[in-house]
Amino acid sequence: MTTITPSQLNYDHYSGTKYDCDIVNSIPHHRKIHHLIANYAQKRLLNKNIEVLDLGVGTGITSKLLQNILPSAKFTAVDFSKQMLKSAARKLGKDNVCYIFGDYAKLKFNQKFDLIVSVIGLHHQDTTGKKKMFKKIFSLLKPGGIFIFGDLVTYKNKYHAAYNNALHFHHLVEKSSNKKTLTEWAHHHMFLNDLAPIEDQIDWLKKVGFKIEIKFIKTNTALLICKK
Ligand SMILES: C[S@@+](CC[C@H](N)C(=O)[O-])C[C@H]1O[C@@H](n2cnc3c(N)ncnc32)[C@H](O)[C@@H]1O
């Protein structure tokens, strides 16, 4: 289940440019995981004419990076915030991009994809919701398809979880441009995020049939490449 509404996330009040600046500053290692995604796409997917689904496209940061590497790919961009979709459309354009407004947990898709990407997009699902989404993503991929999964996570060991959460807040204090931004993102992290241990998420992904390559795990941020 999606545990949050777009109005709670406050994204509809954001200008795309302010959001782009805030998300990069507020998510620990946001730049690093996008750098790793670009490297992977350049090595494995360059110029491929593929179907890509972005679950929680936001302002289109992740899809834009992929669009530059895969100019002939067709994108389906999903978000339940109209404002976010508008900002994504400004970045990604109209050619070869289909925009879908709605909750990805409830939407039915009538095609299969070569690549599904969700970066900082699934952590508002509760445990059941995450498991269901992993199953849904597996079933939406063509044989051999790839799921690029980057997200905020926590850890099974409570001390390790506490330590990394402290680092996350420290990151917010250091990087936020002012008190209002810090308050907004600290509140978001404390009360709106629903993080699950990375060890559990890897188990759930394996159980639905994925082969996992761990690309990055640090602080509360992880990047996994999941192959069907
Ligand atoms: C934080 S943005 C990430 C965008 C981009 N990948 C990045 O890393 O900058 C995640 C987006 O997911 C959307 N989102 C969260 N839960 C959703 C759901 N259940 N259905 C559709 N969109 C959702 C939010 O509205 C938000 O725009």
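The model shown is predicted, which means the values in this text are computed figures rather than measured ones. Order of listing sets the numbers, starting from 1, for every ligand and every atom in it. One is the number of the first residue; the rest follow in order along the sequence.
Side chains of Lys64 and Gln67: a donor on one and an acceptor on the other come within 3.5 Å. Judged by distance alone, the side chains of Thr219 and Asn164 never bring a donor and an acceptor atom under 3.5 Å apart.
Those atoms of ligand 1 that come under 4.0 Å of a heavy atom in Met84, given as number and element, are 27 (O). Close contacts of ligand 1 with His34, meaning ligand atoms under 4.0 Å from a residue heavy atom, involve 8 (O). Taking every heavy atom of Thr62 and a limit of under 4.0 angstrom, the matching atoms of ligand 1 come to 5 (C), 6 (N), 7 (C), 8 (O). Those atoms of ligand 1 that come under 4.0 Å of a heavy atom in Gly102, given as number and element, are 20 (N), 21 (C). Atoms of ligand 1 lying under 4.0 Å from any heavy atom of Gln125, numbered from 1 in the order shown and given with element: 19 (N).
Taking 4.0 Å as the cut-off between side-chain N and carboxylate O, Asp200 and Lys130 do not count as a salt-bridged pair.
For Ser81, no nitrogen or oxygen atom sits less than 3.5 Å from a nitrogen or oxygen atom of ligand 1, counting backbone and side chain alike. An N or O contact shorter than 3.5 Å links Val119 to ligand 1 by distance. Among the atoms of Tyr104, some N or O lies under 3.5 angstrom from an N or O of ligand 1. Checked against a 3.5 angstrom limit, the closest N/O atoms of Asp79 and ligand 1 fall inside it.
Using a 4.5 Å cut-off on side-chain heavy atoms (C-beta onward), Tyr104 and Phe80 make no contact. You'll find the side chain of Thr76 reaches within 4.5 Å of the side chain of Gln111, heavy atoms only. Side chains of His160 and Thr154 form no contact here, defined as non-hydrogen atoms less than 4.5 Å apart.
Ligand 1 lies less than 4.0 angstrom from a heavy atom belonging to His30. Assignment of Tyr19 to the shell around ligand 1 is supported, since a heavy atom sits closer than 4.0 Å.
Taking the centre and axis of the six-membered ring of Phe101, the NZ or CZ atom of Lys82 falls inside the cone set by 45° and 6.0 Å. For the pair Lys228 and Phe138, the distance from NZ or CZ to the six-membered ring centre is under 6.0 Å and the angle to the ring normal is within 45 degrees.
Distances from atom 4 (C) of ligand 1 to the heavy atoms of Val57, Ile120, Leu65 show the closest one on Val57.
Contacts between Ile23 and ligand 1, counted as non-hydrogen atom pairs separated by less than 4.0 Å, involve the side chain only.
The ring pair (Phe, Tyr, Trp, His ring centres under 6.0 Å) test with His189 is passed by exactly one of His170, His168, His123, His171: His168.
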